[in-house]
Amino acid sequence: MLGDFLRFIARSKLGMFGLILFAACVLVAVFAPVLAPYEPMQKHYDVSGKLMKLRPPSQEHLLGTTILGRDVFSQLIWGGRPALVIGLLTAMGVVLIGVNIGLIAGYYGGWIDNLLMRITDIFMGLPFLPFIIVVLSLTGRSLWTIILALVIIMWRSTARVIRSQVLSLRERSFVDAARVSGASSLKIIYVEIAPNIFPVALVNVVFALAWAIITEASIGFLGFGDPNVLSWGSIIYEAFASEMSYKAWWWVIPPGAAIMILVTAVYFIGRAYEEMINPRLKKW
Amino acid sequence: MALLSVENLNTVYRTQRGDVRAVEDVSFAIQEGLNLGLVGESACGKSTVLKSVIGVLPPNAFVAGGRILFKGRDLPAMDEEERRKLRWKEISMITQSALNSLDPVHKVGDQIVEALQIHASMDRTTAKQRVEEMFALVGIDSKRFREYPHQFSGGMRQRAIIAMSLILKPSLVIADEPTTSLDVIVQDQILKNVRKLQGMLGFSMLLVTHDMALVIENCDHVGVMYGGKIMELGPKREVILQPFHPYTMGLKNSFPNILDRRSELISIPGVPPVLMGELRGCRFFSRCPFGTEQCSTEIPPLIEVGPEHRAACHYTDRAEEMRNKAALAETWLNMARDR
Amino acid sequence: MIKYLINRILLMVLTLFVLATLMFFMFRMLPGDPTMTVISSALNPKAQEEMKRQYGLDKPLHEQYAAYLRNIVCLDFGYSFQHNRKVSDMISGRLLNTILLILPSMIAAYALGVVGGALIAWKRGGKLEIGTVIVSTAFQSAPVFWLSMLAIFVFSVHLDLFPLGHIVSPGMHHGKSQWAIYFSLDFLHHLALPFIVNTLYNLCFPLLLMRSSMLETLGEDYVELCRMKGLPERKIIYNHAMRNSFLPIATTLPLILGWAVAGSVVIETVFSWPGLGLLMVEAVQRSDYPLVQACFLLIAVLTIVGNFVADLLYGILDPRIVYE
């Protein structure tokens with residue numbers, strides 16, 4: 001099924017473009033130790049022993065230095081890792097939980113459906129960034145608590161969408177056929193229905209990934225990210241907190257642009273796939 | 001002068017893989033007060049003919065040639081704004097899937113009032129009255145004026161569509177498979193109703209369907225279409241009882257004969273052609289048991305075979321012989337085997 | 001319709017109740033002394049004892065819970081650690097600031113987005129459509145705090161068109177009443193840039209969604225019938241296509257509200273806009289738990305009420321929901 005997905009994407013120019021960009025970001029993040037010219041946290045001093053703080057881009061420091069004399073370019077390269085790790089793990093978690101809840105609620109209906117949908121409705125009422133911040137303030141800030149908080153907030157829309165898909169699939173004849181042939185409910189859900197909701201689930205994975213990356217960046221920007229981890233959001237946080245950000249454009253622009261490029265790539269992939277499933281959107 | 005006269009109509013769909021000649025060189029005429037039925041398989045071009053006449057083609061389709069004369073005026077040549085004013089007022093359409101033809105967020109009555117307001121500049125009260133009168137004529141409770149489409153049953157929705165298409169008292173009503181989605185009994189009721197209204201309001205009908213029986217019951221003239229072209233055209237008695245085109249003969253076989261319970265249904269093997277690229281000869285050649293070399297290279301012209309009766313076949317002089325052979329199942333099955 | 005309304009109201013109340021309960025338990029699950037989240041450890045022990053008794057913290061859990069709920073309804077959120085004032089005194093002004101920024105910009109974003117999306121879908125094809133889709137996607141992919149910083153960089157620092165942040169110029173409004181300040185030109189001048197950034201950022205989503213929705217609607221049978229009815233194109237778009245296309249957008253309103261509120265936290269931080277979001281962030285940074293709790297509850301209430309209004313709106317727009 002993943003092969004189908006890739007083949008679909010390849011047919012759209014935009015999708016292909018997105019896929020290449022995304023792959024590039026992943027490669028840069030994976031090969032960070034090799035690609036970065038310096039250690040991201042290393043402070044740099046010039047020949048006279050002075051800290052090279054807030055230096056504009058130069059040959060040794062392609063994107064200049066931060067207020068603590070660190071190389072921005074190296075930070076940029078390393079900063080992609082948490083975005084991708086958190087993003088991908090969150091997306092997987094969201095889809096896992098969301099899809100299962102959607103399948104169960106949609107298939108069984110009745111009070112199970114009601115209960116699960118009420119729970120989803122209640123979660124809808126939680127403003128997500130404030131909620132995440134509050135959770136993090138209580139549980140401490142680490143990569144895993146961030147992922148957990150993100151997943152708790154984000155599973156609800158996937159669940160809703162999958163549920164409505166299942167509701168319409170449930171009435172189809174192949175489900176009846178399976179029921180008549182004595183298949184257990186679980187088997188029907190996971191062997192018959194699940195493969196049919198795969199395209200919708202996949203679209204949700206992609207968009208969940210985009211949202212997770214943006215939200216993670218916002219968390220980092222507000223200073224609530226994992227203190228031991230350098231992310232693009234936290235780079236901008238440092239810049240903003242130093243109150244020197246408006247003097248050092250080289251410090252602020254690249255990490256934000258990186259986030260924009262990565263998320264745009266993900267969105268392009270998602271849209272391309274969405275268009276494939278729903279051809280009326282195609283052909284501009 | 002005929003009410004509607006279609007002359008050598010060519011309609012083309014422009015697709016990514018090439019131009020599809022959905023309607024090619026189609027000509028027919030409808031007189032005032034009379035009905036014409038167009039029959040044929042799916043994708044034979046009949047719906048495209050309708051859309052060309054009413055002028056609502058998808059953005060990638062266009063009339064490439066020919067004329068559509070309505071009361072003497074060539075429709076495709078008209079300015080779009082003028083044509084829009086004619087639409088519905090003079091020519092209206094009863095669509096196929098009434099399920100989706102009504103806007104779900106507006107009340108049914110309002111959607112019909114809209115037509116009156118746009119074309120007849122009627123005020124709302126008068127319009128509402130007219131709609132309620134029309135509802136009574138088609139058999140809908142006037143209370144339902146304020147209801148939404150999803151509150152109507154399938155049959156009622158179709159009646160509403162009919163009410164909407166007749167509200168401006170048009171001269172020509174086009175019906176595109178008007179009863180396909182309904183069960184036979186409702187079908188019958190609705191068509192009887194339409195015939196009654198026809199008697200009262202005096203419009204002509206262009207009925208498009210794949211159901212030959214519908215045409216026999218409701219039309220005066222029949223046109224048989226295949227592969228985007230007219231194969232046979234004429235008064236219904238002549239065409240049905242004495243067809244001159246092999247395709248018509250084949251169609252006859254596919255309809256159950258209630259009087260002869262022993263007869264088998266014989267279907268025409270094969271599939272309709274793809275109407276793209278180089279096409280030579282008769283469109284029906286690949287499925288015709290009587291096809292010859294000439295048929296595969298020369299397009300047969302529509303020639304007169306009787307009063308107002310025309311057929312597009314090279315061998316109309318051997319029609320009698322073909323008819324006899326076509327009535328036998330082997331003729332069709334052998335062809336399938338040989339090809 | 002009444003049934004629908006009651007249904008939604010009940011949901012709203014239930015959500016608020018569950019939320020409050022959730023908060024109650026979350027804040028008491030901290031390791032260590034659970035009273036840490038209510039009473040400042042900076043107070044001297046005697047004052048702490050006083051407060052403990054006042055807030056009933058020496059009583060069993062279920063009594064505390066009842067007291068907690070009662071307090072919320074009376075809008076008593078305790079005392080801020082940092083500021084040593086009643087939380088409820090601090091919040092109302094901030095709440096207004098947040099609403100003044102977020103509400104107009106969300107309305108503008110939605111209105112512009114919906115209209116823009118419909119326009120783009122109608123005028124299919126061509127560079128405009130492709131360009132708009134790409135730019136919108138890229139714009140909503142960029143983090144809003146970064147966009148805000150760029151905006152400040154270009155328009156405030158370099159072009160000096162707008163102030164650098166905050167809600168009013170310091171010292172300008174000595175002795176004036178609250179209302180006078182809000183109606184002043186100075187206030188509007190400070191509001192302008194965050195308003196513009198927030199609006200532009202938030203219109204991308206409805207724009208793209210509306211475009212997709214319109215493209216689908218324009219292919220529907222009833223739109224074709226409208227054309228056959230001889231309706232002028234404009235009427236088809238406004239009366240039929242847009243109303244139907246808007247429905248899926250309306251269902252996303254609660255989602256958008258969630259985004260808006262989240263965005264408010266970030267935007268207020270960048271622009272130093274003294275709203276609820278900024279207050280919450282500062283409170284969290286200083287572990288001022290009563291303040292955190294109150295801010296969060298209030299933000300949640302805003303979101304939930306917003307969702308309720310959105311649900312109502314949807315009920316009005318889609319007759320299929322109500323006339324079941």
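Letters go in sequence order (proteins before strands), and every chain restarts at 1.
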Side chain / backbone / both / neither for [X] at chain A, heavy atoms under 4.5 Å:
| X | result |
| --- | --- |
| C/Leu208 | both |
| C/Val301 | neither |
| C/Met149 | both |

Got a second to check how far [X]'s [atom1] is from [Y]'s [atom2], nearest 0.5 Å?
| X | Y | atom1 | atom2 | value |
| --- | --- | --- | --- | --- |
| C/Met280 | A/Leu129 | CE | CG | 7.0 Å |
| A/Tyr246 | C/Ile152 | OH | CD1 | 3.5 Å |
| A/Leu14 | C/Thr137 | CG | OG1 | 7.5 Å |
| A/Arg118 | C/Leu10 | CZ | CG | 10.5 Å |

If you take all heavy atoms of C/Trp146 and A/Val252, which pair is closest and at what distance? NE1-O, 3.0 Å

C/Val292, C/Val305, C/Val144, C/Ile299: which one forms the most heavy-atom pairs within less than 4.5 Å of chain A? C/Ile299

Which bit of A/Ile214 is near chain C, if near means a heavy-atom gap under 4.5 Å: side chain, backbone, both or neither? side chain

Apply side-chain contact (heavy atoms from CB on, under 4.5 Å) to C/Val281 and A/Phe224, showing your working. CA-CA 9 Å; C/Val281 169; A/Phe224 296 126; 4.2 Å; yes

With C/Phe145 as partner, the option from A/Trp232, A/Phe240, A/Phe221 fulfilling ring-ring contact (aromatic ring centres under 6.0 Å, His included) is A/Phe221

Do A/Phe268 and C/Ile134 come close enough that some side-chain heavy atom pair is under 4.5 Å? yes

Go through the steps for C/Leu150 and A/Trp249 under the test side-chain contact (heavy atoms from CB on, under 4.5 Å), then give the verdict. CA-CA 9 Å; C/Leu150 285 182; A/Trp249 57 265; over 6 Å; no

Counting heavy atoms not belonging to C/Phe155, are there more than 12 under 6.0 Å from its CZ? no

